[in-house]
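Accompanying notes for the structure given below.
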Amino acid sequence: ITYKGQSNEKIWIGKHKENSFSVLIKLNSSENDKLFKLKRELVGNYFGEQRFDARVEKFYELQQKGEYEAALKYFLTAKSKFDSENSTKIKQLIKEKWGAWKEISRSEIIPEAKKELFHFLEKKENYKEAFMFVEKKSLKQMLKAIQAKRFNDTLEQLMIAKNCKGLRATKALPRKIMITPTEFEKKFGLRKMERKTFFKAKKFRLKTTNKQDEYWTHFALPTGCYATIYLKFLKESLL
């Protein structure tokens, strides 16, 4: 990071207008010509796969069905690649002792901050309300990912209805999609999400390297758009 100076203007995530990318790719001469013709095409503004934790799909399914006990159990016990050794032990304990709330809350490996949830369940087995006692940051991230999943599903339906091929979009699509939070999501501070349905790359150019058929691809995307989606669009369009 290079220090550039100071300003009285506030900076926040998403304040910038665009992100620039440089990607090394291999192209033959015919693909090279075709790629340049694609730079003006509109692309479906999907959230990329990296937006979604592997657990999102299952949690979303259980929540949609109103199976809050199963959803809570899954939220508390589903494995993640980021789990520490202690987290793994805690999840295993909760899974094995599910329903024995007093026994779980008395375990030495359960942090004090997490015991409130099991004290609540011991008094009142209301699994929907019990979410008020889980770790808020993790739950909010999960719910935001679910909103993104709903956006992707809605966009896909619109793309199919407008006969869009693959990720190639059209101006016949509505300009934006609004995802309204459910009552459950509102309890955790989620607001409506409004997002454009398509985007177009800017500043697209190719630069040769000293290797045959190898190029540096440079492009810029509006903030919030995924380079992985754009690269997937280029790849599928060249096939």
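Predicted, not measured: the structure shown is a model, and the values here were computed from it.
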Heavy atoms only: give me the nearest Ile104-Ile110 pair and the separation to one decimal. O-CG1, 3.3 Å
State whether the side chain of Thr209 and the backbone N or O of Glu214 hold a donor-acceptor pair below 3.5 Å, judged by distance alone. yes
Report yes if the side chains of Leu143 and Gln147 come closer than 4.5 Å at any heavy-atom pair, otherwise no. no
Hydrophobic clusters here meaning ILVMFWY residues chained together by side-chain heavy-atom distances under 4.5 Å, can you tell me if Trp101 and Met132 are in one? yes
What pair of heavy atoms forms the shortest contact from Ala169 to Cys164, and how long is it? CA-SG, 4.2 Å
CG of Leu72 to OG1 of Thr77, rounded to nearest 0.5 Å, is 9.0 Å
Does Glu41 form a side-chain hydrogen bond (donor to acceptor under 3.5 Å, both in side chains) with Ser237? I'd like the steps, not just the answer. CA-CA 10 Å; Glu41 295 286 349; Ser237 299; over 6 Å; no
Quick one: does NZ or CZ of Arg175 land under 6.0 Å from the six-membered ring centre of Phe198, within 45 degrees of the ring axis? yes
Would you mind reporting whether Leu42 and Thr170 have side-chain heavy atoms less than 4.5 Å apart? no
Salt bridge (charged side-chain N to carboxylate O under 4.0 Å, His left out) partners of Glu185, counting only residues at least two apart: Arg150
Quick one: list whatever passes side chain to side chain donor-acceptor pair (under 3.5 Å) with Lys137, sequence neighbours left out. none
Residues Met159, Tyr46; criterion side chain to side chain contact (heavy atoms under 4.5 Å, CB included); working and verdict: CA-CA 11 Å; Met159 295 272 279; Tyr46 289 95; 3.5 Å; yes
Can you tell me how far OH of Tyr226 sits from CG of Leu221, rounded to the nearest 0.5 angstrom? 12.0 Å
For the CZ atom of Arg191 and the NZ atom of Lys144, what is their distance to the nearest 0.5 Å? 10.0 Å
Residue pair Pro174 / Thr197: nearest heavy atoms and the distance that separates them: O-OG1, 2.7 Å
Looking at Lys26, I want to see if its NZ is surrounded by more than 12 non-hydrogen atoms of other residues, nucleotides or ligands under 6.0 Å. no
For the side chain of Asp83 and the backbone of Thr88, is there at least one donor-acceptor N/O pair under 3.5 Å apart? no
Find the distance between CD (Glu67) and CZ (Phe59) and round it off to the nearest 0.5 Å. 12.0 Å
Flag the pair Glu112 and Lys115 as a salt bridge only when some basic side-chain nitrogen lies within less than 4.0 angstrom of an acidic carboxylate oxygen. yes
Flag side-chain contact, heavy atom, 4.5 Å: Lys73 against Ile94: no
If you take all heavy atoms of Leu206 and Phe204, which pair is closest and at what distance? CG-CE2, 4.3 Å
Looking at Glu31 and Asn28, would you say the former's side chain and the latter's main chain have a donor-acceptor pair under 3.5 Å? yes
Taking atom NZ as the centre, does Lys200 end up with more than 12 heavy-atom neighbours from other residues, nucleotides or ligands that are less than 6.0 angstrom away? no
Can you confirm whether Lys149 is buried at NZ, in the sense that more than 12 heavy atoms of other residues, nucleotides or ligands lie under 6.0 Å from that atom? yes
Heavy-atom side-chain proximity of Phe188 to Val134 below 4.5 angstrom: no
Are the side chains of Tyr230 and Leu167 in contact, using a 4.5 Å heavy-atom criterion? no
Side chain proximity check, Asn45 to Arg195, heavy atoms < 4.5 angstrom: yes
Do Phe82 and Ser87 have side-chain heavy atoms sitting under 4.5 Å apart? no
Would you check, one step at a time, whether the test side chain to side chain contact (heavy atoms under 4.5 Å, CB included) holds for Arg55 with Tyr74? CA-CA 9 Å; Arg55 300 169 295 168; Tyr74 186 75; 3.7 Å; yes
Glu129 CD to Leu121 CG distance, which is reported to the nearest 0.5 Å: 10.5 Å
Taking the six-membered ring for Trp, are Tyr127 and Trp98 parallel (under 30°), tilted (30 to 60°) or perpendicular (over 60°)? parallel
Does Glu135 have more than 12 heavy atoms from other residues, nucleotides or ligands lying within 6.0 Å of its CD? yes
Please tell me if the side chains of Cys225 and Lys196 come closer than 4.5 Å, counting only heavy atoms from C-beta onward. no
Phe184/Ile146 under side chain to side chain contact (heavy atoms under 4.5 Å, CB included): CA gap, chis, key distance, verdict: CA-CA 12 Å; Phe184 182 77; Ile146 286 174; over 6 Å; no
Is there a chain of hydrophobic side chains (I, L, V, M, F, W, Y, each step under 4.5 Å between heavy atoms) that links Val23 to Ile229? yes
Would Thr228 and Glu49 count as a side chain to side chain contact (heavy atoms under 4.5 Å, CB included) here? Give the steps. CA-CA 8 Å; Thr228 48; Glu49 290 182 9; over 6 Å; no
Are more than 12 heavy atoms from other residues, nucleotides or ligands located less than 6.0 Å from atom CD of Glu57? no
Contact summary for Ala145 and Phe52, nearest pair of heavy atoms: O-CE2, 3.3 Å
Where Ile90 and Pro111 come nearest, the two heavy atoms and their spacing: CD1-CD, 3.8 Å
Nearest-0.5 Å distance that lies between atom CD in Glu96 and atom CD in Glu103: 10.0 Å
Taking atom CD of Glu85 as the centre, does the number of heavy atoms from other residues, nucleotides or ligands within less than 6.0 Å exceed 12? no
